[in-house]
A.B. asks: 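The structure is given below, and queries will be raised subsequently.
Proteins come first, then strands; the chains are lettered A, B, ... in the order of their sequence lines, and each starts at number 1.
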Amino acid sequence: MQNKKAAYTLGELAEIVRGEVMGDPDLIIRGVSGVKESRSDTITFAENPGYLEAAEQSAAGAVIVPDEVTDSGKPLLRVGNPRLAFAKIARLFVPDVFYKPGIHPTAVVADSAKIGQNVSIHALVVVDEKAEIGDNTILAPGVYVGPDVKIGNNTVIHPNVVIEYNTIIGSNVIIHGGTVIGSDGYGFVTDEEGHHKIPQLGNVIIEDEVEIGANVTIDRGTSGPTVIGRGTKTDNLVQIAHNVQVGPENLLIAQVGIAGSTKLGRRVTLAGKTGVDGHIELGDNTTIAAGSIVTKNTPPGVFYSGNPAHDHREELREQAARRKLPELLKKIKQLEKRVEQLELGD
Amino acid sequence: MQNKKAAYTLGELAEIVRGEVMGDPDLIIRGVSGVKESRSDTITFAENPGYLEAAEQSAAGAVIVPDEVTDSGKPLLRVGNPRLAFAKIARLFVPDVFYKPGIHPTAVVADSAKIGQNVSIHALVVVDEKAEIGDNTILAPGVYVGPDVKIGNNTVIHPNVVIEYNTIIGSNVIIHGGTVIGSDGYGFVTDEEGHHKIPQLGNVIIEDEVEIGANVTIDRGTSGPTVIGRGTKTDNLVQIAHNVQVGPENLLIAQVGIAGSTKLGRRVTLAGKTGVDGHIELGDNTTIAAGSIVTKNTPPGVFYSGNPAHDHREELREQAARRKLPELLKKIKQLEKRVEQLELGD
Amino acid sequence: MQNKKAAYTLGELAEIVRGEVMGDPDLIIRGVSGVKESRSDTITFAENPGYLEAAEQSAAGAVIVPDEVTDSGKPLLRVGNPRLAFAKIARLFVPDVFYKPGIHPTAVVADSAKIGQNVSIHALVVVDEKAEIGDNTILAPGVYVGPDVKIGNNTVIHPNVVIEYNTIIGSNVIIHGGTVIGSDGYGFVTDEEGHHKIPQLGNVIIEDEVEIGANVTIDRGTSGPTVIGRGTKTDNLVQIAHNVQVGPENLLIAQVGIAGSTKLGRRVTLAGKTGVDGHIELGDNTTIAAGSIVTKNTPPGVFYSGNPAHDHREELREQAARRKLPELLKKIKQLEKRVEQLELGD
């Protein structure tokens, strides 16, 4: 794996995240750290002034703080969003594990494939006919890229990923190991003889800045594309069926499943294990709690939970009421007796 | 990928699907299309007369219609089941992406393996000792076929699928990318020292005409086989545990999980994310709604939902009642007060 | 695949499982069997005296029985735990499918990797820079081992598994096909521009005697490790997020998902499809029923179910009460009328 630049001065880091240094700008930083694992040459962060004391008492050489902090015993890097600045600085120190430009001699690359500049094609990769791989893109060991697939620039495909024919993948995309893109959608016509396969003639389009987790499955569309919108991030073991349109900047947590032809707006968040029925639409900024089943369209901005999913506060009220149900049954029996007594007394 | 026959006359298509042409039988058709994507050389379909107008107003060269339609401004192909005829015609135009007879020089095929006629063994495939591959079968790149595995004819195994030793796979089977067949069943004997592995000595049998989705897992049996019955279709990320007997023509939608030794009848449908407990039996034509957990045997023909799954109409009534629970709690409190008043008034 | 020793005498088996023979110690045993599949040269077992008759009437050459059985028409092997003894004996006869010491010529092994004694590195395996593989360990075809990964002794990695950089795997570990270890944890900082990736700088540690199912995903920690404790066994399609600490001897059944930074005690059992929220702790010996969602810490020894998970007996009472809800609604309406009548009668 490539060794990135091993050290930055605090002043250099301030420039990169557009922050301001308080203290020695020539302080050498060799990595990021949580408060606990910090060393004199690492930088840590305090998301708000309440966390500052712990950061100051740590071994860290410097602390990233919100703008309002102006005083400390330690060198500070003041920014608008400390967590974001920390993420950006951390990225400077991550090893580019699969950065190794060139084509490994054991890779099988079709003559008709178009390979960009500075591409890393690792051992035992297959790039099939007429596939196009953009500049600086990385195909880790064991990746399969099917015929007519197009992949943009600066994209990283982790080991043993399968990308079937005609898939289009944008730039700055990350796809984790074992994921399968472009498998056939699940479509059959059933008669007395059995289930007859409906050919899946569409493809998958993955837009720029998308990250896809490990062992995810995304099926090709029936005639048009299945789409994963710009900046969307999926966790592991997510299932996206044919013709689904996932909007931009969605967060799809682990083991989510979305049935065919459903459309998700912008910034939809589906917590882990959520299932979404087919042929419905989820409005922008819809949030669904873990383990829910969504069966209907949702208006924008709602927070739903349950099976079937509905307003989360209502669900909580129902859960609370459900807890009282056994007791309630007794109460009603007593009430019936009391009413009977009253009726008899008449 | 192979170019299939690029064009058919309307008359040829009618013969293939046993339909009847109204209009020019020499019309050239070069593909299928939905109404929206149609061109003058594509054929579309109208499932019933209600959809006919849209199909007639499309750019399509011809329309597949039910028998009862006898009149149109466009050439017609009249059949008993337009959707089925469309699926069959669509299949004529799907590219055989992995059809490439021969053994790629980078494939590793044991001398003791038996390879049929016209088999496509792609780059970086491993076929282990004494495995048998039937005629016209396709092993896409990165597939692993273990020792003593038997695969029938006309079967397509997509990239990076793992088929472990002794598995038996029939003819006309499709297995999508990343799927693992024949992993060890999950069986342990626990004592104070820990969990001791029970060796899994059985295998997996996948019958003819089965389709298995992407990143599915099917475990080998403990001593006998795990069986996937003829014509069953599973979606992606489905888990089938050891000793499970899946009957013929089941539909197992994405992320379904079936625990050990359970037996499913004919034409069972499990919607997405359904879980089925071990050691139970589901009757023929059982249908389970998405996200349910099935804990008991089901009689034939039922439609169940919920956790634990029970009659779907009952579940809907309970859901409706649950929605009223918080309001109900208030009502009962009021009733109690009123009864108390009455009692005091006595 | 290697042929193990094909036959043992009953006396040899008794020594291996520390049992006692009644009958001929020179009887030749060539395999284990269930009662139904038994032959004169197989050994079966009767877990308790109630099962003895069936075992005695079978074709089996000998029967493993609990110590209290002292008399039989068949040769006996008396032990404290017949099921455990059966598992141990069965293991003697399982073929070591992937045992083939040496490095296959198509494997790509970095010069800087350290390979132990008697290691089997199969076709099309990649072992990246500075990885260390312990003695007798097996890497099946298509496995990827990343830079700086350390794997102990006697470990078996099944086909197409992905192990990313810096992962540490112990001895006597089994990892089934298609599993991905060390994918990036799911962490982002969101602002108006989108979701910014938080680099995942930690790793995964898998302790000794662990077994991981097929197509499982285990993410690397954000800065520290994600840990799978000694002797834990996971089933297939399980998701373990970044920073999770799974304790020793856990049983995580198929399709379980555990969100980030959660900590599981010793001998926790999560039944199939259970989801566990992030940043919580489950006490030792916690058991969760299938399909539950765990949202809070659990004390040791509890048996929980439901969404949100709570005491299983309470959940059962609530389920029973829920079944009566529609009827209850009617009852309350009637009560209201009766109370109204009484009130009017006043």
Side-chain angles (χ1 to χ4, degrees), chain B residues 106 108 124 126 128-129 142 144 146-148 160 162 164-165 178-180 183-184 186 188-191 194-201 215-217 219 223-224 237 239 241 255 257 259 273 275 277 293 295 307-308 310 314 317-318 320-322 324-325 328 331-332 335 338-339 341-342 345, chain C residues 1 32-34 37 81 83-84 86-88 90-91 93-95 97 104 106 122-124 140-142 158-160 174 176-178 209 211 213-215 230-233 235-237 248-249 251 253-255 272-273 290-291 306-307 319 322-323 325-326 328-329 332 335-336 339 342-343 346:
Chain B
T106 62
V108 178
L124 307 172
V126 173
D128 226 321
E129 292 170 33
Y144 170 73
D148 296 309
N160 289 359
V162 172
E164 295 231 7
Y165 73 102
T179 283
V180 177
S183 36
D184 278 349
Y186 189 77
F188 302 93
V189 187
T190 297
D191 65 9
H195 308 297
H196 304 273
K197 184 176 180 66
I198 300 174
Q200 303 292 308
L201 305 164
N215 280 343
V216 165
T217 54
D219 281 349
S223 56
L237 293 169
Q239 148 72 358
Q255 297 175 320
K273 290 184 174 294
D277 271 8
I293 301 283
T295 59
N307 175 7
H310 62 138
E314 277 179 35
R317 274 195 291 271
E318 281 177 34
R322 229 168 61 197
K324 295 177 188 157
L325 256 184
L328 203 67
K331 221 177 244 180
I332 288 166
L335 260 179
R338 286 162 68 186
V339 169
Q341 285 297 335
L342 287 164
Chain C
M1 55 185 141
V32 296
S33 63
E37 306 95 21
N81 184 336
R83 178 176 285 269
L84 178 57
F86 183 81
K88 285 182 177 171
R91 233 177 295 169
F93 296 104
V94 186
V97 178
H104 193 274
T106 62
H122 279 256
L124 307 172
H158 282 254
N160 288 359
I174 300 171
H176 288 284
E209 311 284 343
E211 182 164 348
N215 281 342
R230 190 179 192 289
T232 282
K233 317 290 182 182
D235 202 345
N236 302 332
L237 292 170
E249 297 179 11
L251 296 173
I253 319 298
Q255 296 174 320
K273 290 184 173 291
N307 176 6
Q319 281 176 11
R322 228 169 62 198
R323 295 282 180 271
L325 256 182
L328 203 68
L329 288 178
I332 288 166
L335 261 179
E336 277 183 316
V339 169
L342 288 165
E343 287 168 339
D346 269 342

A.B. asks: Side chain, backbone, both or neither: which part of B/K324 has a non-hydrogen atom closer than 4.5 Å to chain C?
C.D. replies: side chain
A.B. asks: Over all heavy atoms of both residues, which pair between B/D277 and C/A290 is shortest? Give the atoms and the distance, please.
C.D. replies: OD1-CB, 4.4 Å
A.B. asks: Quick check: closest heavy atoms across C/E37 and B/S223, and the distance to 0.1 Å?
C.D. replies: OE1-OG, 3.8 Å
A.B. asks: Any idea which heavy atoms bring B/E164 and C/P159 closest together, and the distance?
C.D. replies: OE2-CD, 3.4 Å
A.B. asks: In Å and rounded to the nearest 0.5 Å, what is the CG to CD distance from C/L329 to B/E318?
C.D. replies: 10.5 Å
A.B. asks: Using a cut-off of under 4.5 Å for heavy-atom pairs, which of B/P308, B/A320, B/G142 has the most such pairs with chain C?
C.D. replies: B/P308
A.B. asks: Are any of the side-chain heavy atoms of C/E211 and B/D184 separated by less than 4.5 Å?
C.D. replies: yes
A.B. asks: Select one option (side chain, backbone, both, neither) describing which atoms of C/L251 are under 4.5 Å from chain B's heavy atoms.
C.D. replies: both
A.B. asks: Considering non-hydrogen atoms only, spot the tightest contact between B/K331 and C/I332 and give its length.
C.D. replies: CD-CG2, 4.4 Å
A.B. asks: How close do B/Y186 and C/D235 get, heavy atom to heavy atom, and via which atoms?
C.D. replies: CE1-N, 3.4 Å
A.B. asks: Quick one: pull up NE2 in B/H196 and CD in C/E209 and give me the separation to the nearest 0.5 Å.
C.D. replies: 9.5 Å
A.B. asks: Chain C: which of B/I198, B/V216, B/T295, B/V108 shares the most heavy-atom pairs with it under 4.5 Å?
C.D. replies: B/V108
A.B. asks: What residue in B/T217, B/V162, B/D191 has the most heavy-atom pairs under 4.5 Å with chain C?
C.D. replies: B/T217
A.B. asks: Which heavy atom of B/V126 sits nearest to which heavy atom of C/A123, and what is that distance?
C.D. replies: CG2-CB, 4.0 Å
A.B. asks: Examine whether an atom of C/L124 lies under 4.5 Å from a heavy atom of chain B, and if so say whether it belongs to the side chain, the backbone or both; otherwise answer neither.
C.D. replies: side chain
A.B. asks: To the nearest 0.5 Å, how far apart are CZ in C/R322 and NE2 in B/H310?
C.D. replies: 6.5 Å
A.B. asks: Verify, without hydrogens or angle tests, whether B/N215 (side chain) and C/N215 (backbone) share a donor-acceptor contact under 3.5 angstrom.
C.D. replies: no
A.B. asks: Taking the side chain from C/Q255 and the backbone from B/L237, do they hold a donor-acceptor pair closer than 3.5 Å?
C.D. replies: yes
A.B. asks: Does the side chain of C/L335 reach to within under 4.5 Å of the side chain of B/V339, using non-hydrogen atoms?
C.D. replies: no
A.B. asks: Counting heavy-atom pairs under 4.5 Å with chain C, which one of B/G224, B/A321, B/S183, B/P199 comes out on top?
C.D. replies: B/P199
A.B. asks: Could you tell me whether a side-chain N or O of C/N236 sits under 3.5 Å from a main-chain N or O of B/Q239, the two making a donor and an acceptor?
C.D. replies: no
A.B. asks: Measure distances from C/N81 to the heavy atoms of chain B and classify the residue's part below 4.5 Å as side chain, backbone, both or neither.
C.D. replies: side chain
A.B. asks: Indicate yes or no: at least one non-hydrogen side-chain atom of C/H176 is less than 4.5 angstrom from one of B/D219.
C.D. replies: no
A.B. asks: Is it the backbone or the side chain of C/K273 that comes under 4.5 Å from a heavy atom of chain B, or both, or neither?
C.D. replies: side chain
A.B. asks: So which residue, C/E336, C/H104, C/R323, ends up with the most heavy-atom pairs under 4.5 Å with chain B?
C.D. replies: C/R323
A.B. asks: Is any side-chain heavy atom of B/V189 closer than 4.5 Å to one of C/F86?
C.D. replies: no
A.B. asks: Given 3.5 Å as the limit, does a donor-acceptor pair link the side chain of B/H195 with the main chain of C/E249, or not?
C.D. replies: yes
A.B. asks: Looking at B/T190, B/T179, B/T106, B/L328, which one has more heavy-atom pairs under 4.5 Å with chain C than the rest?
C.D. replies: B/L328
